[in-house]
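Below, chain A is the first sequence line, B the second, and so on; all start at residue 1.
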Amino acid sequence: MRIKIFGPPRFSFRFVSIWRRNFLVWRKFAVPSMLGNLADPALYMLGLGYGLGRLVGEVNGMPYISFIAAGTVCYGTMNSATFESLYSAFSRMHVQRTWDAILNTPTTLDDVIIAETVWAASKSLLSGIAILAVISVIGLADTFLVLWIVPLAFLVGLTFASLGLVMNALSPNYDFFLYYFTLVITPMVLLCGVFFPVAQLPDALQAVSSVLPLTHAVQIARPLVNGMVPGDLLTHILVLLAYAAVAFYVALVLSRRRMLQ
Amino acid sequence: MHMLEVTDLRKSYGDVEVLRGVSLSLARGECYGLLGPNGAGKTTTLRACLGLVEPDAGSISLLGLSVPTFAREARLRLGVVSQTDNLDPDFTVVENLLVYGRYFGIPEQTLQERIPRLLEFSELAARADSKMLELSGGMKRRLTLARALINDPDLVFLDEPTTGLDPQARHVIWDRMKQLLARGKTILLTTHFMDEAERLCSRLSIMDDGRIISTGSPQELIARHIEPEVLEVYGEGTQQWVNTHASLADRVESAGDTVFCYLRHAEPLIATLENRPSLRYLHRRANLEDVFLKLTGRDLRD
């Protein structure tokens, strides 16, 4: 095994030990972390759902609070993986030098990147479950179809974890991540149908929206929350997987370039 | 079989050649020192041996395995104490050891048996549940050493293990290193402290500018490169005294307001100091630091 910067990922189950390390840290702060996971989406759904919902009434034939519930699932799970793969991963890589310590053991950088991706997606999964609980408590979940939100949360997590790790590998410091929020995350939130239907946007922006990953997540989540099977399901899943796969490979190459020189 | 054998290692970053043909080999049970000023290439050499840097040329055999090809397998039997503190700040002392052991795939049962012994070895038994913030610098270093031993390695890399420690803490680390050697472990030590190298290393290499410039036991290096005695002279009028009597020394060097006279027999030169009360002097045997400074120069390496 030479050090091949552009080589394909080398998978090994040793990544599990690194995932467990992150899990053990999370467990120590599980209570505030889960409270955040519950309170944030609950406030969005209740605040905007009732507040703005009064003004806009029904959207696409559903109450606004139901409309926004699906948006919140995607927004919340995207945020979980994004924060984990930017700020938390950067702490482990650059500030605490945890990755350096790990690389002196029989684990490799590929194991680390796989573990970080799966871990950040696990955080999205937790966040998805929390949002699902909020949706159920409010009484928005009508059918068991809504349970498919759980695997969707993990998939959205994988996608945005990989994208986040690309930035992580490029970043000289925490401030650098603001570019990513301004240029990637904010457009994602505003153009992908989280708060209002994409159809409201001018054609040019709709075209942009159609290639952004969060749009495809929203188009899976919204029918599920409203008790319907999503149309074009395979296409949406494939787009999310493609983003995840390409971003993962780029993150891996950039991380190797950064750490193995 | 050598525990580590490095042959003609070369590495460049752009136009800068950081390793220009480094060769060294460690026999089982020895403590081998790698000495050199900052930027000499010590850390790059270590990283290459760990399989974390691909050399441009040369070969590395670590514990009989070719690196970087079989670096993962070789690291299973290797312990590393790195220069910077990379303990896990969110974990207690015990958790740091436990989590690190898992990276090696060591069964939980084995870890539960090993950890108390390692706490004992590093005198941290009373601190088992302390957080990293509650530990002194010396305790953290001891924990890092204990962590490096979690896989019961055959070979241990220690990269400047006592930098920044107070004398008491340094002595504890030295004592633990001697215990490891007594148990048959092999050690590769990098250090800036010549007394540390002289005390612990059976053999060492002095490195500068990406090359190994001399290798041997501390005594061999002193005998090979330098006069046996040193007279350090300082105080008002030193320069004038040197100008008059320099011919009695084999070699004279200045650093700041001190003059170092290297020679075989110091008595004739000491005699010239007797009626000069303004000059103070120290007469001593030559040591490794004198060799190091002769070979690598007195210029700052920032």
Okay, D88(B) and chain A: the region with an atom under 4.5 Å from a heavy atom over there is side chain
Turns out that what part of V99(B) lies under 4.5 Å from chain A's heavy atoms comes down to side chain
Problem - Verdict with supporting geometry, R102(B) and R20(A), side chain to side chain contact (heavy atoms under 4.5 Å, CB included) - result: CA-CA 9 Å; R102(B) 286 177 184 159; R20(A) 284 182 73 189; 3.1 Å; yes
Shortest non-hydrogen pair, R72(B) vs S12(A), comes out as NH2-CB, 3.6 Å
Just wondering, more than 12 heavy atoms not from F6(A) lying within 6.0 Å of its CZ? no
Check your understanding: If you count the non-hydrogen atoms of other residues, nucleotides and ligands that lie under 6.0 Å from OH in Y44(A), is the total more than 12?
Key -> no
Turns out that what part of D85(B) lies under 4.5 Å from chain A's heavy atoms comes down to backbone
Worksheet item: What do the steps show when you test T98(A) against N86(B) for side chain to side chain contact (heavy atoms under 4.5 Å, CB included), and what is the final call?
Response: CA-CA 6 Å; T98(A) 310; N86(B) 53 29; over 6 Å; no
Hey, are the side chains of D90(B) and R21(A) touching, using non-hydrogen atoms and a 4.5 Å cut-off? yes
If one checks every heavy atom of R147(B) against chain A at 4.5 Å, the contacting part turns out to be side chain
Checking heavy-atom separations under 4.5 Å from chain B, one finds in residues 24-37 of chain A L24(A), V25(A), K28(A), F29(A)
Counting heavy-atom pairs under 4.5 Å with chain A, the top scorer among S82(B), G79(B), P89(B) is P89(B)
So, the part of R14(A) with a heavy atom under 4.5 Å from chain B: the answer is side chain
Review point. Counting N and O atoms only, with roles assigned by atom type, does the side chain of R75(B) sit under 3.5 Å from a partner on the main chain of L103(A), one being a donor and the other an acceptor?
Key: yes
Bottom line for L52(B): the part with an atom under 4.5 Å from chain A's heavy atoms is both
Applying a strict 4.5 Å limit to non-hydrogen atoms, the region of Y13(B) in contact with chain A is side chain
Between Y100(B) and A101(A) the two heavy atoms that sit nearest each other are OH-O, 2.8 Å
